[in-house]
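Proteins come first, then strands; the chains are lettered A, B, ... in the order of their sequence lines, and each starts at number 1. If you're wondering where the values come from, they're calculated on a predicted model, not measured in any experiment.
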Amino acid sequence: GNSVTQMEGPVTLSEEAFLTINCTYTATGYPSLFWYVQYPGEGLQLLLKATKADDKGSNKGFEATYRKETTSFHLEKGSVQVSDSAVYFCALSDKNTDKLIFGTGTRLQVFP
Amino acid sequence: EPEVTQTPSHQVTQMGQEVILRCVPISNHLYFYWYRQILGQKVEFLVSFYNNEISEKSEIFDDQFSVERPDGSNFTLKIRSTKLEDSAMYFCASSSRTDTQYFGPGTRLTVL
């Protein structure tokens with residue numbers, strides 16, 4: 001079945017450091033891929049998405065590229081801020097069912 | 001910007017009691033979903049709903065669970081007889097069939 005695998009957290013960085021959170025997926029067909037972010041005490045917010053191979057999703061300085069050949073959708077940001085501290089979830093949506101399948105989430109902690 | 005709202009934010013109940021979690025999806029959306037997140041674990045799909053009927057449900061969504069759209073704005077999740085293991089954060093989401101699901105802030109359910 002479809003699944004999403006994310007790197008284990010927590011990821012601890014200093015402010016202005018480069019961020020990568022790895023995400024790989026297993027799916028039949030060509031799913032849409034998403035990153036959601038959950039700030040402390042809040043719900044899930046869509047951060048970015050990509051719907052087909054080689055698409056790049058971007059928002060708030062975060063980017064992720066849909067790589068079909070490596071079945072990956074790694075999240076990157078060039079310079080993180082303390083306010084980026086949150087849990088990041090990679091997810092896929094199967095076009096046949098449209099339910100979201102989430103990874104386990106990666107906690108990011110950014111220190112000044 | 002329109003958003004999904006959920007009430008209550010926190011519900012405490014005794015084991016065996018019925019609970020109803022309420023959601024108001026974004027007004028022009030037609031597809032509705034419930035997910036849950038047990039503390040520290042991944043977000044799991046429960047059910048999707050379209051055109052006044054269930055489109056898909058997970059194995060978690062057993063006979064103790066039901067969903068309803070009682071009027072033009074609300075979407076509810078009912079748990080008939082709560083168990084300790086139902087304690088979780090429950091998220092409602094809605095979409096307009098553009099792949100993107102928008103989540104509410106969640107209801108934390110605590111079963112004692």
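Residues of residues 60-83 of chain A having a heavy atom under 4.5 Å from any heavy atom of chain B: none. Of all residues spanning residues 22-30 of chain A, none has a heavy atom less than 4.5 Å away from chain B's heavy atoms.
Applying the 6.0 Å contact sphere to CZ of A:Arg107 captures no more than 12 heavy atoms from other residues, nucleotides or ligands. Within 6.0 Å of the NZ atom in B:Lys57, the count of heavy atoms belonging to other residues, nucleotides or ligands does not exceed 12.
For a residue to count as touching a neighbouring chain, one of its non-hydrogen atoms must lie under 4.5 Å from one of that chain's; by this rule A:Ser93 touches chain B with the side chain only. For a residue to count as touching a neighbouring chain, one of its non-hydrogen atoms must lie under 4.5 Å from one of that chain's; by this rule B:Gln101 touches chain A with backbone and side chain alike. Heavy-atom distances place no part of B:Gln6 under 4.5 Å from chain A, backbone and side chain included.
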**Asked** Can you check side-chain contact (heavy atoms from CB on, under 4.5 Å) on A:Gln38 and B:Phe103, steps first, answer last?
**Response** CA-CA 11 Å; A:Gln38 185 178 34; B:Phe103 284 76; over 6 Å; no
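Note: the hydrophobic cluster containing A:Phe102 does not contain B:Leu46 (ILVMFWY, side chain heavy atoms under 4.5 Å, direct or indirect links).
Annotation: maximal heavy-atom pairing with chain A below 4.5 Å, among B:Arg108, B:Gln37, B:Met89, B:Gln41, occurs at B:Gln37.
Expressed to the nearest 0.5 Å, how far CD1 of A:Ile101 lies from CZ of B:Phe45 amounts to 9.5 Å.
Under the 3.5 Å distance criterion, the side-chain polar atoms of B:Tyr35 are matched with a main-chain donor or acceptor of A:Leu100.
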